Amino acid sequence: MKNISTAWLHLLNRSRLKPLAPIAGGAIALMLGGILLHVSGANPLQAYGVMFAGAFGGTRQLTETLLKAAPLLLIGLGMTIAFRCRVWNIGAEGQYYIGALCGSAIALTYPALPSLILIPLMLAASIGGGILWSGLAGLLHLYRGVNLIISTLMLNYIGILLVQYAARVPLQQPDGFLPESAQFGDNAQIPTMLGTRLHWGFGLALLLVGAVYLLLWYTPLGFQLRAVGSRLSVAKCVGINTSRSILIALTMSGGLAGLAGILEVSYTYTRLKGDISDSYGFSGILVALLGQLHPVGVLIAAVLFSGLMVGAQSLNVVLQIPASVAQVIQALVVLLVLAGQAIARAKRDDAIPLVAHDG
Amino acid sequence: MQNKAMVSKVLASLERSLASVLVAAPLLLAACNSAPTTQTPTTTGSSPVSSAAVNSNAPKFALIINGPPTDKSWNQKAVEATQALKAKGIDTAVSESVSPADVERVLRQYAEAGYTTIVAHSFNYGDAVFKVAKEFPKVNFAWAGGVNKVAANVADYDQPFYEGAYMVGVIGGKLSKTGKLGALYGFDIPVCHAMGEAMLAGAKTVRPDATLTSSAVGNWDDVAKAKEAALSQAETGVDFWIGCGQGPTIGQIEAAKEKGGYTTSYVGDMSSLGPQVVASNLIWNMEPLFNRMLDDTKAGKFANQFYKLGVADGVIDVEVAPAFQDKLDAKATLEPTRAKIASGELKVPFVPK
């Protein structure tokens, strides 16, 4: 049995087809989804046409897709830094919430400041919030050896509950009866770019694609982060301060998640409430993995992932196909493309082993 | 050295990613070309386009809901009312499970597709509705605010569940052994608070010594938390409940199954969840409400409307659950009260807080 599977892997390794595995995975997912669509009474080809048109079929559609890609891209970029350093930050959702909370606190405390001062302050506060929340897990890890996966995961719940509390008590709209803050003024809403519906946060995220690439591959810090990620013991031996590297990678990913949080609240929700995320913190992790932990790959993955979500919703709006069917197709595509990537990556030496630092 | 090797590997992986996009694009484009009619939304793929769609003046009605259409409650009743419109030949569409993060996009999509009346069936859609409505002044939007927040092309529709809750109270006065009634709210908002108080008022017509214990769960969907709250109410002797929100109500049903007592369905028929404990259903029949919206759209009277349709309009009603038909004579129990509320002879007190 082992022989057969190694022979099979060997064949794959030899063949030039291996890099095509993710595409094959996507195609298989679409075929399986086609069966599901057929059972739901739709023409699969027409349905996929609607999905594609709904996500990329025109300026408006493309704008919507890019808008939804912005938080995924920011979180995905952060995860790229963290995962390259083999820091398993599963807490992006909580960091996103705390970032949104800190930014909102600024917006609600200083409502009269001009946009040019208020928005940078809000962004800075949100990044600070994300850094703080991820840093908490980092300190617990470095000083007490608490497993990062567990602490970041648990801090998600605390962060979300903290925001729900804030929206209900200290930041609640004075005359309101629901758990939400007052609506932000126009000066606290992130402006859009050149007459489109696309906000400057997306432009910022695009700049960060380049910045993260340069950081990881053209700076000493990036080298240290990747060195810690590939061999902790070796990195230690060559004199890298590994604790510092882990903390930096973690807080960078936290800061970016926090930034994503305030951008969404400022632009989409326009007020702080208990539910301000479409699971971006978790989808962002998927996007980082789909993008193979490369900034440009993450950009492509964020746009495609967002397109998949927007297109799937279009399926429900245009063809009245149940949302659950669209969601299953979405999950199938992500799962099988990731599986394809795993095959494509098998036995490649730069593959990031999916194990955490021990201790 | 190592850096350089890394860069070349990354470039290789980048090439792969690009290749995958290039390969996938023609496939998707081909799929797109084979379906030239996809730009404009049509009615359900499986059913033929209704004749109404041909007439450009005909109303087109879209409903957007926050959860699944099978919740036996808030969402399901709205979908059923939309299906009733469709059965009459009106062009309708429903979008389900739309999160507040996505609703702006879906609202725009319907507005651009020529829908004349778009109902955003959640309080949480409010901000997005007012934003999009400004961009489409000729499209009529409605949202489930219940707070009389309106605009030139945005209507608000009230949820006067308290009128039905009064009738539920009459049933509670008959069924409760202890005279202690319980109410659980998702949040202590006026719509919910008025339900508990109206139930108490109704119960007092049968049992003057009836009392009310109410609390807010702090969540619309958390069944487990609501069950705990209902169980602690049961400890104090509560044996009849009304709920405001799906989670609180299902939690009560679960608690009553364990500790005994009777509950009420929330704006739908939840009796299948606990046939032995759900005594009556508080029903929200939205078809007359949606009809009114369509009439007003046609007549151009949609501006600044705050719809308050209740028992008198057949929008709010109470029905006795099947297993309780023998125990409660529905006609004798409910009909006199219903008639009095409908005629305006009895004005159910609205106690918002």
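All chains are named by letter (A, B, ...) in the order of the sequence lines, taking the proteins before the strands, and each is independently numbered beginning at 1. Since the structure is predicted, the reported quantities are computational estimates derived from the model, not experimental observations.
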Notebook entry, point to check: Which residue out of B:Ala128, B:Ala101, B:Ala62 racks up the most heavy-atom pairs below 4.5 Å with chain A?
Noted result: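 Winner by heavy-atom pair count: B:Ala101.
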Part of [X] lying under 4.5 Å from any heavy atom of chain B:
X        : result
A:Ala323 : both
A:Val337 : neither
A:Pro322 : both
A:Thr268 : both

Notebook entry, point to check: Got a sec: does the NZ of B:Lys77 have more than 12 other heavy atoms crowding it under 6.0 Å?
Noted result: yes
Notebook entry, point to check: Got a sec: does the OH of A:Tyr157 have more than 12 other heavy atoms crowding it under 6.0 Å?
Noted result: no
Checklist line | For A:Gln327 against B:Ser97, the heavy-atom pair lying closest together | finding: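 So the two residues come closest at NE2-CB, 4.4 Å.
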Notebook entry, point to check: Looking only at heavy atoms, what is the nearest atom pair of B:Asp127 and A:Gln183, with distance?
Noted result: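 Where B:Asp127 meets A:Gln183 most closely, the heavy atoms are OD1-NE2, 3.7 Å.
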Next item on the list: Dump the intermediate steps for side chain to side chain contact (heavy atoms under 4.5 Å, CB included) on A:Val317 and B:Tyr110, then the final yes or no.
Entry: CA-CA 8 Å; A:Val317 171; B:Tyr110 279 124; 3.5 Å; yes
Calculate, to the nearest 0.5 Å, the distance between atoms [atom1] and [atom2] belonging to [X] and [Y] respectively.
X        : Y        : atom1 : atom2 : result
A:Met309 : B:Ser99  : CE    : OG    : 9.0 Å
A:Gln189 : B:Lys131 : CD    : NZ    : 6.0 Å
A:Tyr269 : B:Glu104 : OH    : CD    : 11.0 Å

Check: Okay, side chain of A:Glu64, backbone of B:Arg105: is any donor-acceptor separation there less than 3.5 Å?
Finding: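 Here the side-chain-to-backbone pair does not exist.
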Next item on the list: Keeping the roles fixed (side chain from A:Asp278, backbone from B:Asp102), state whether a donor-acceptor pair exists under 3.5 Å.
Entry: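 Checked: no pair found.
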Checklist line | Side-chain donor-acceptor contact under 3.5 Å, B:Gln109 with A:Ser314 | finding: yes
Check: Side chain, backbone, both or neither: which part of B:Val106 has an atom under 4.5 Å from a heavy atom of chain A?
Finding: side chain
Notebook entry, point to check: Which atoms of B:Val98 come close to chain A, meaning under 4.5 Å heavy atom to heavy atom: side chain ones, backbone ones, both, or neither?
Noted result: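 For B:Val98, the contact with chain A is made by backbone and side chain together.
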Next item on the list: Please confirm whether A:Lys273 makes a cation-pi placement over B:Phe187, using NZ or CZ under 6.0 Å from the six-membered ring centre and within 45° of the ring normal.
Entry: no
Margin query: Before you tell me yes or no, could you show the steps for B:Phe123 and A:Glu180 under side chain to side chain contact (heavy atoms under 4.5 Å, CB included), namely the whole-Å CA-CA distance, both residues' side-chain angles and the distance that decides it to 0.1 Å?
Written below: CA-CA 12 Å; B:Phe123 189 94; A:Glu180 54 185 34; 4.2 Å; yes
Checklist line | Stepwise salt bridge (Lys or Arg N to Asp or Glu O under 4.0 Å) check, A:Arg197 with B:Glu135 | finding: CA-CA 12 Å; A:Arg197 284 224 318 119; B:Glu135 294 165 34; 5.7 Å; no
